[in-house]
**Student:** 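Sending over a structure as structure tokens; questions will come in a sec.
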Number of protein chains: 2
Amino acid sequence: MRENPPGEERILRAALQRFAVDGLSAPLRRVAEDAGVSAGLIIHHFGSRENLLRLCDERALEVTRREKSTLLTGGSGELLVQLAQAEEYAPLAGYVLRRLQDGGPLAAQLVEDFANATEDYLAEGERAGSISPSRDPRARARVLTEMALGALLLQLPGRGDTLDLAELPTWMRQHTQRMVAPLLELYSIPLLTDRSMLDAYLASDTEENT
Amino acid sequence: MRENPPGEERILRAALQRFAVDGLSAPLRRVAEDAGVSAGLIIHHFGSRENLLRLCDERALEVTRREKSTLLTGGSGELLVQLAQAEEYAPLAGYVLRRLQDGGPLAAQLVEDFANATEDYLAEGERAGSISPSRDPRARARVLTEMALGALLLQLPGRGDTLDLAELPTWMRQHTQRMVAPLLELYSIPLLTDRSMLDAYLASDTEENT
DNA sequence: CCAATGACTGAACGCATGTATAGCGTAGTG
DNA sequence: CACTACGCTATACATGCGTTCAGTCATTGG
């Protein structure tokens, strides 16, 4: 089955999956067991647990970046949802979620990437006329991305609890389905009935820069 | 100083603070040290580490609920921001953040509470005419809250890193300041240029329920 | 055929952690 | 004063972790 690739690659895949399921603090011995390998071998190959994590991070970043261009990106973390659907990429999507949950520099990097993708997506929509222009497209993309990913995180099982990879796609679909109605409303009908607050803020903002 | 209260209360406060600073996985011995107490005593009083966490949760929930009515709640997690400003409540606000980061049932409970507060806040604005009515006010409040809190979480230091309570207020102010411009724009000018997507969704939605 | 290389294992080490236990000192009570 | 109750400490114990180490086995290159 999937046990073909020997050595490091097999370990890396097992790690990705186990970290996704049990969280990033899953013990090395558990990863070793999954890979059908001794704990010592992991150290032998990767040097340390921290290094294994780093390798997982690299893989995650690499794959998301590669798949980003393949998939029709729906912006705002839809990328992750689509990745999870892909079956083969479910462990990786789970790992990314766990990593976002855990914070740290890679989480920031991932958010950055997603935000950039969202910015492109919005710019395209803007050219097509379906998306409103923004005073600060970059900031808008960041905020939208952070909110989308953050809402996803809040729904994630806790650090101690396990994340069922088999149900990940279903789970994510339900999440987006739960959000889509309020979001469409929010994006179509202004939450605020008039522009007075925005104008007031803009006024005070430009005033400061004089 | 703040070392007056003896016994359990002193331990609880130390725990709240230490967990806020170092994360919920901070060792018991560290909490004990902060409280000027032996680790055994914590067990003696609280039975187990898990129980101490539970007590912290209760305290957190209790205080946020109590202060909710006191503060002018700005909805969408602004409550937390205001709590953190209060100096005395900074550790508690930090603990709440850590708890949200960690997930689990209390996190869900907290989100629920915040969502309810937001719903009330929006309803009030709706009565005053400043907030648009919604097809599903409850769902809208939930989505807004999850997004606001989630975005906050993504900005939080990682599990391993420490959270500086002294800088919490500043940090949170910066966060809101970074969000306010894009959010006001988003809430004042529809992101989508026309209602076609919303209408299409609503059509397909009612169609399913026939 | 032999030596060397490298994947790989099993046991062990050192450390940190939660918790149990035995005992100490002191305040309150008869 | 004797006794008890209790806050509290110090130590010990068990467990689980990352990592180290000595050595085994197979493959390969001379």
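Every chain is numbered from 1 and lettered A, B, ... according to where its sequence line falls, protein lines coming before strand lines. Because the structure is predicted, anything quoted here is derived from the model rather than measured.
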**Student:** Calculate the interatomic distance between Glu8(B) atom CD and dC8(D) atom P; express it in whole Å.
**Tutor:** 9 Å
**Student:** Atom CG of Leu52(A) to atom C1' of dC17(D): distance rounded to whole Å?
**Tutor:** 15 Å
**Student:** Look at the side chain of Ser204(B) and the backbone N and O of Tyr201(B), then say whether any donor-acceptor pair between them is shorter than 3.5 Å.
**Tutor:** yes
**Student:** Atom CG of Leu41(B) to atom C1' of dA10(D): distance rounded to whole Å?
**Tutor:** 13 Å
**Student:** In whole Å, what is the span from the CG atom of Asn51(A) to the C1' atom of dT20(D)?
**Tutor:** 17 Å
**Student:** Heavy atoms from C-beta onward define the side chain here; which of dT19(D), dT19(C), dT9(D) lies closest to that of Ala39(B)?
**Tutor:** dT19(C)
**Student:** Restricting to non-hydrogen atoms, name the atom on Ala90(A) and the atom on Leu165(A) that form the minimum distance, rounded to 0.1 Å.
**Tutor:** O-CD2, 3.9 Å
**Student:** Could you state the CZ-C1' distance from Arg49(A) to dT20(D), rounded to the nearest angstrom?
**Tutor:** 17 Å
**Student:** Output the residues of residues 23-37 of chain B in contact with DNA chain D, where contact means a heavy atom of the residue under 4.0 Å from an atom of the strand; sort by number or write none.
**Tutor:** Arg29(B), Gly36(B), Val37(B)
**Student:** Report the distance from atom CZ of Arg54(A) to atom P of dG18(D), rounded to the nearest whole Å.
**Tutor:** 16 Å
**Student:** Between atom CD1 in Ile43(A) and atom P in dC13(C), what is the gap in whole Å?
**Tutor:** 18 Å
**Student:** With a 4.0 Å cut-off, would you call Arg13(A) and Glu9(A) a salt bridge?
**Tutor:** yes
**Student:** When you measure from the side chain of Arg98(A) to the backbone of Ala20(A), do you find a donor-acceptor pair of N or O atoms at a distance under 3.5 Å?
**Tutor:** yes
**Student:** Show your working on side chain to side chain contact (heavy atoms under 4.5 Å, CB included) between Thr145(A) and Glu119(A) and close with a plain yes or no.
**Tutor:** CA-CA 9 Å; Thr145(A) 316; Glu119(A) 190 181 354; over 6 Å; no
**Student:** Think His44(A) has a side-chain N or O under 4.0 angstrom from the OP1 or OP2 of dG6(C)?
**Tutor:** no
**Student:** Rounded off to whole Å, could you give me the NE2-to-C1' distance for the His45(A) and dG6(C) pair?
**Tutor:** 9 Å
**Student:** I'd like to know if the side chain of Gln101(A) reaches the main chain of Pro157(A), judged simply by a donor and an acceptor atom lying under 3.5 Å from each other, with no hydrogens or angles considered.
**Tutor:** yes
